[in-house]
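See structure below.
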Amino acid sequence: MKKIYRNIISVFAAALFAICASSCLEKEPSDAIRLEDAMNTYEEAEQVLVGIYADWKSAALYSGLLTILPDIQADLVYAINGNTNAYVDIWQWEILGTNRHVESVYAALYAVIGDCNFFLSKLPALRKTIKDDKTLEVLTDFEGEVYVSRALAYSELLKLFCKAYDPVTAADELGVVLVSKYDGSEPAIRASLKDSYQFVLDDLAKAEELLLEEDDLGYNNVYFTITTAQALHARVALYMQDWEAAVDYSTKVLDKKDKYELSTTNTIYSSAGLSYFDYLWQYDSGTEVIWKVGFTATSFGGTLGSPFLHLTTDYTYYYPDFVPSSWILGIFDKNDKRFESYFLEVQTGYPHGLVWPVLVKYFGNRNFIQSNLLYELNMPKPFRLAEQYLIRAEAYCQQGLYQKGAADVTALHKARYSFSGAVTLNESNWLKYISDERVRELYMEGFRLNDLKRWHMGFERKPQTESLLEGSSLKVEADNPLFVWPIPIHELESPGSQIQPNESNK
């Protein structure tokens, strides 16, 4: 069924449920809507779903902290002199269980999970009251979307608050608190890492069963489709070192050539005079977008560009908190058109007058700028086709299928370079090459910290021009405990909590 029955972009539902101050897992605060009094009609079910999508607009999630903090913590940027003290503790690896940004991410993800659980808990009773087959079909589609949403929230918790998945040890490692009911009856105790990942896979299996291919109308989706579920499945399989499943599910996505294709740097979007790739970032619209968080000029989340731009009120001078690491700037080939799409060399407005490329990837959606002077505001695009090429390339190489992996990287290069020959990968170079390629393609999209964690890599910073002294000389060994964020202290100390801490809590 085509989704003409709703327009989720234009609706921003108010939060239906309050978050208890004592714990992010508390599901029945005193002012919450009682379970029996809500979602008793199709219209109310639709509003609950709209509210779940609204949850994803949070500045603690993809339009802010969830996206930028992992990359700021890693080796992609330097804090510079004049920094407003934004996220400096994260950058300096001084991350405590009381860190308010870490707490915000944790709480926002469990808020998504709580609203998903509410929907799923109410759905069986609602179905019994509805006789119309088409309405029941729509509710089935809603259910599939909710399962994708819950799986996505849990996958992000696992990425940030748990160790990298190793099939040999996963049953003995700590996962996350799995909450599948709204009534708060489940104990606040962490499942194993193996069981936590299996929970995500089970949710995705349900979503893939409920969602239909015919309902995915193609690129630029602002709601979850079967393709979103498959793309997430490919990502999770990669993290689980299930190389065959990663290839299988990324291939399901990449084979949908009638619905998705890479946004090339070599073809001009005629009405805008921009390449399709530039249009992707300047207007948040592109043929490779599998799912984006839908914003409007009056309903939006955080400003991804703020830490990297900090434009003055006359939009002339830049006062960035962070600038790209010099090694990042050096890994782009002269024919790689992504560089000019992502970076612009400017003289900063600070007294030291640093001249350096700043990140303009998140300069702001041009429509929002033109209509409301909303700079530094872009719609997050958590699932793009490019990532699926990189997932499959890595999974092929992990199996020793280097020629197939190289073919996927070559296909990506054809859409990104003014000229590019075939890539050659082998046993000795593939990991370094794909590591760099993921940085080039996914820069400041929130993947780097987890990539280093799962590859068991460390890094070293050396001071660069006008970089903040403390933190510029930092050597992080592989498997440092802070690759895993600490569980928020208020979760560990809330009444009745049995949640075990991470090593980084100690």
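One is the number of the first residue; the rest follow in order along the sequence.
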Is the shortest side-chain N to carboxylate O distance from [X] to [Y] below 4.0 Å?
X	Y	answer
Arg416	Asp336	no
Lys432	Asp436	yes
Glu394	Arg454	yes
Glu156	Lys159	yes
Asp284	Lys292	no
Glu213	Lys256	yes

Could you tell me whether a side-chain N or O of [X] sits under 3.5 Å from a main-chain N or O of [Y], the two making a donor and an acceptor?
X	Y	result
Ser250	Ala246	yes
Asp242	Ala237	no
Arg150	Asp115	no
Thr227	Val253	no
Tyr350	Tyr319	yes
Trp356	Pro324	yes
Lys381	Trp281	no

Going by heavy atoms in the side chains, are [X] and [Y] under 4.5 Å from each other?
X	Y	answer
Tyr154	Ser196	no
Arg448	Ser435	yes
Leu468	Asn81	yes
Val293	Met379	no
Thr348	Glu466	no
Leu211	Thr225	no
Gln464	Val323	yes
Glu387	Glu445	no

To the closest 0.5 Å, what do you measure between [atom1] ([X]) and [atom2] ([Y])?
X	Y	atom1	atom2	value
Tyr165	Leu158	OH	CG	10.5 Å
Ile90	Leu482	CD1	CG	9.0 Å
Tyr396	Leu401	OH	CG	7.5 Å
Lys259	Leu385	NZ	CG	13.0 Å
Thr424	Asn429	OG1	CG	8.0 Å
Asn450	Leu160	CG	CG	7.5 Å

Note to self: Distance to the ring centre below 6.0 angstrom and angle to the axis at most 45 degrees; does that hold for Arg235 and Phe447?
What the structure shows: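 No cation-pi geometry.
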Notebook entry, point to check: Are Arg440 and Phe343 in a cation-pi setup, meaning NZ or CZ lies under 6.0 angstrom from the ring centre and within 45 degrees of the ring axis?
Noted result: no
Margin query: I need the single residue from Val146, Leu152, Asp55 that forms a side-chain contact (heavy atoms from CB on, under 4.5 Å) with Cys116. Which is it?
Written below: Val146
If I compare all heavy atoms of [X] with all of [Y], which pair ends up nearest, and what's the gap?
X	Y	result
Leu412	Leu262	CA-CD1, 4.0 Å
Ser275	Thr265	CB-O, 3.4 Å
Leu374	Ile369	O-CG1, 3.3 Å
Ala108	Ala60	CB-CB, 3.9 Å
Ile226	Leu212	CG2-O, 3.9 Å
Glu46	Phe142	CA-CE2, 3.9 Å

Anything under 30° is parallel, anything over 60° is perpendicular, the rest tilted; go ahead and classify [X] against [Y].
X	Y	result
Phe339	Phe332	perpendicular
Phe322	Tyr87	parallel
Tyr110	Tyr106	tilted

Item checked: Polar contact flag, side-chain donor to acceptor under 3.5 angstrom, Glu288-Tyr276 -> no
Checklist line | Residues Tyr260 and Asn221: side-chain donor-acceptor under 3.5 angstrom | finding: yes
Next item on the list: Under the side chain to side chain contact (heavy atoms under 4.5 Å, CB included) rule, what do Thr251 and Asp248 come out as? Steps first, then yes or no, please.
Entry: CA-CA 5 Å; Thr251 299; Asp248 183 24; 5.5 Å; no
Next item on the list: Kindly indicate, with the supporting measurements, whether the criterion ring pair (Phe, Tyr, Trp, His ring centres under 6.0 Å) is fulfilled by Tyr147 and Phe224.
Entry: CA-CA 9 Å; Tyr147 276 119; Phe224 299 122; over 10 Å; no
Note to self: Test side chain to side chain contact (heavy atoms under 4.5 Å, CB included) on Gln399 and Glu244; report intermediate values, then the result.
What the structure shows: CA-CA 8 Å; Gln399 298 175 84; Glu244 291 183 0; 3.5 Å; yes
Next item on the list: Test Gln73 against Trp485 for side chain to side chain donor-acceptor pair (under 3.5 Å), laying out the working first.
Entry: CA-CA 11 Å; Gln73 185 183 343; Trp485 284 0; 2.8 Å; yes
[X] [atom1]: over 12 foreign heavy atoms closer than 6.0 Å:
X	atom1	value
Glu209	CD	no
Lys337	NZ	no
Glu460	CD	yes
Lys414	NZ	no
Lys361	NZ	yes
Tyr219	OH	no

Notebook entry, point to check: Which of these passes ring-ring contact (aromatic ring centres under 6.0 Å, His included) with Tyr62: Phe383, Trp56, Phe295?
Noted result: Trp56
Item checked: Phe308, Phe363, Tyr318, Tyr362 screened by ring-ring contact (aromatic ring centres under 6.0 Å, His included) with Tyr375, the one that passes ->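 Only match with Tyr375 under ring-ring contact (aromatic ring centres under 6.0 Å, His included): Phe363.
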Notebook entry, point to check: Is there a side chain to side chain contact (heavy atoms under 4.5 Å, CB included) between Trp430 and Gln398 once you walk through the steps?
Noted result: CA-CA 9 Å; Trp430 77 264; Gln398 291 280 11; 3.3 Å; yes
Check: Should Tyr443 and Arg338 be marked as a side chain to side chain contact (heavy atoms under 4.5 Å, CB included) after you check the CA-CA gap, both sets of side-chain angles, and the distance that decides it?
Finding: CA-CA 10 Å; Tyr443 185 78; Arg338 288 173 293 196; over 6 Å; no
